[in-house]
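See below for the structure under consideration.
In this text the structure is predicted, and so the values were computed from the model without any measurement. Atoms within a ligand are numbered from 1 in the order they appear, just like the ligands themselves.
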Amino acid sequence: MFGTAAVVALFSALSVRDTSIMQYALNLEHIELAFYNQGLEKYDAQAFADAGYEAWVRGRFVQIRDHEVAHVTFLTEQLGCDAPVVCNYTYPYTDLQSWVSLSQTLEHVGAAAYMGASRFVDDKDVLAASVSISHIEARQAGWVNSAVMKQEPWDGDFETPLYFSGAWSLAVGFIESCPESNPALPVDSFPALNVSNSAPPMGSNITVSYAGQGNITTPTYMAWYHDMNTTFTSIDEHGVTTVPDYLRGTVFAGVVRNETETTNDSTMLSGLTIFKFPFSSYAIVGA
Ligand SMILES: *[C@@H]1O[C@H](CO)[C@@H](O)[C@H](O)[C@H]1NC(C)=O
Ligand SMILES: *[C@@H]1O[C@H](CO)[C@@H](O)[C@H](O)[C@H]1NC(C)=O
Ligand SMILES: *[C@@H]1O[C@H](CO)[C@@H](O)[C@H](O)[C@H]1NC(C)=O
Ligand SMILES: *[C@@H]1O[C@H](CO)[C@@H](O)[C@H](O)[C@H]1NC(C)=O
Ligand SMILES: *[C@@H]1O[C@H](CO)[C@@H](O)[C@H](O)[C@H]1NC(C)=O
Ligand SMILES: *[C@@H]1O[C@H](CO)[C@@H](O)[C@H](O)[C@H]1NC(C)=O
Ligand SMILES: *[C@@H]1O[C@H](CO)[C@@H](O)[C@H](O)[C@H]1NC(C)=O
């Protein structure tokens with residue numbers, strides 16, 4: 001897709017901010033690629049068959065891994081000597097099923113991260129590349145969730161962007177250690193969010209907690225990122241907040257100090273978490 005000429009042109013055009021954004025993207029791609037390499041090494045065709053997956057499923061995951069190789073190569077070439085190198089990673093899957101589910105999460109967060117970053121990109125060629133990669137990651141997330149996991153292929157009429165620190169908070173837990181020479185990223189670190197129910201019914205109350213919560217004396221809110229929309233619910237003095245009753249599919253959420261800011265992560269108080277609200281096809285079978 002990008003010939004040698006485009007690579008050279010893009011590279012010479014990178015602003016400081018675009019360099020930083022591409023370093024952030026490459027870090028996320030490294031996390032994905034290492035995840036697929038590790039899983040595909042661990043789970044052979046027989047393991048997929050034993051777990052009840054049809055034979056073509058593993059082949060598609062190999063294709064996804066090859067896409068990640070291409071993304072890593074592309075970004076590494078663009079960044080040249082500014083490219084961050086591979087870190088050591090740890091992934092919380094325990095069997096093939098949870099590996100598949102984690103793959104869906106990684107693809108979804110990857111797509112959302114590219115989408116959120118696009119707002120801050122200076123160069124149109126970098127933007128075009130970012131949109132292109134975002135699309136393929138969203139397709140991959142949709143394929144895993146629907147074809148493999150038999151759930152909804154999309155979440156609504158708009159995709160949800162995640163900004164730098166929010167997306168990073170969902171990925172940073174996979175990193176064990178990085179070489180100190182890797183460049184600093186355009187992210188702030190936030191304490192992990194603990195929720196009393198990781199699969200709450202809509203409209204129910206949940207309790208949220210995070211390190212430093214007791215020190216915050218101003219009102220705080222749970223920001224629910226869905227579609228191109230953010231819904232805020234207030235958090236009471238006991239950490240209780242009410243899950244909105246109209247969420248669908250994958251929704252990202254975290255604690256913020258401002259119920260109006262929706263276009264960047266400047267008001268975050270905690271890292272994000274992911275909630276899933278699966279929904280069926282509306283089509284009536286046989287209609
Ligand atoms: C990765 O882990 C290995 C083994 O623990 C260690 O030797 C190496 O320095 C680590 N690499 C990075 C990039 O942290
Ligand atoms: C998470 O919150 C629950 C209650 O909401 C609490 O019981 C648990 O100890 C908390 N876990 C951590 C790691 O903070
Ligand atoms: C949730 O908590 C609020 C008070 O914070 C209460 O008014 C409401 O009834 C609770 N809802 C449920 C479903 O428990
Ligand atoms: C709360 O604030 C105090 C004073 O600034 C600080 O020493 C403490 O570490 C903070 N606690 C947490 C959990 O952040
Ligand atoms: C965001 O969601 C709320 C609640 O459903 C709705 O009232 C509002 O119109 C939505 N805004 C946009 C821009 O979609
Ligand atoms: C919330 O953020 C908006 C936009 O950044 C800002 O205009 C507003 O003053 C902030 N409100 C509070 C209470 O900080
Ligand atoms: C976040 O957005 C607000 C306006 O909505 C803006 O004032 C502020 O500078 C932005 N912060 C960052 C870090 O981009």
Point-to-point distance, once rounded to the nearest 0.5 Å, from OG1 of T105 to CD of E107:
10.0 Å
Proximal ligand 7 atoms for T263, defined as those under 4.0 Å from one of its heavy atoms:
2 (O), 5 (O)
Check S270 against V255 and note the closest heavy-atom contact, atom names and distance.
OG-N, 3.1 Å
Does the protein place any heavy atom closer than 4.0 Å to atom 13 (C) of ligand 3?
yes
Got a sec: does the CD of E41 have more than 12 other heavy atoms crowding it under 6.0 Å?
no
Has ligand 3 got any nitrogen or oxygen that is less than 3.5 angstrom from a nitrogen or oxygen of N205?
yes
Nearest heavy-atom neighbours spanning P278 and Q151:
CG-NE2, 4.2 Å
Under 4.0 Å from any heavy atom of S177, which atoms of ligand 1 are there?
12 (C), 14 (O)
Spacing of CG belonging to L14 relative to CG belonging to D123, to within rounding of 0.5 Å
7.0 Å
For atom 9 (O) of ligand 1, the closest protein heavy atom turns out to be N88 ND2, 4.8 Å
If you count heavy atoms of other groups shown closer than 6.0 angstrom to CZ of R65, is the number above 12?
yes
Distance under 4.0 Å to a non-hydrogen atom of P179: what atoms of ligand 1 satisfy this?
13 (C)
Is the backbone N or O of G142 less than 3.5 Å from a side-chain atom of S146, with the two atoms forming a donor-acceptor pair by type?
yes
For atom 5 (O) of ligand 3, closest protein heavy-atom neighbour:
D236 OD2, 3.8 Å
Among D188, N258, N264, which one has a heavy atom closest to atom 11 (N) of ligand 7?
N264
For G203, the ligand 3 atoms whose distance to one of its heavy atoms is below 4.0 Å
13 (C)
Is at least one protein non-hydrogen atom found at under 4.0 angstrom from atom 7 (O) of ligand 3?
no
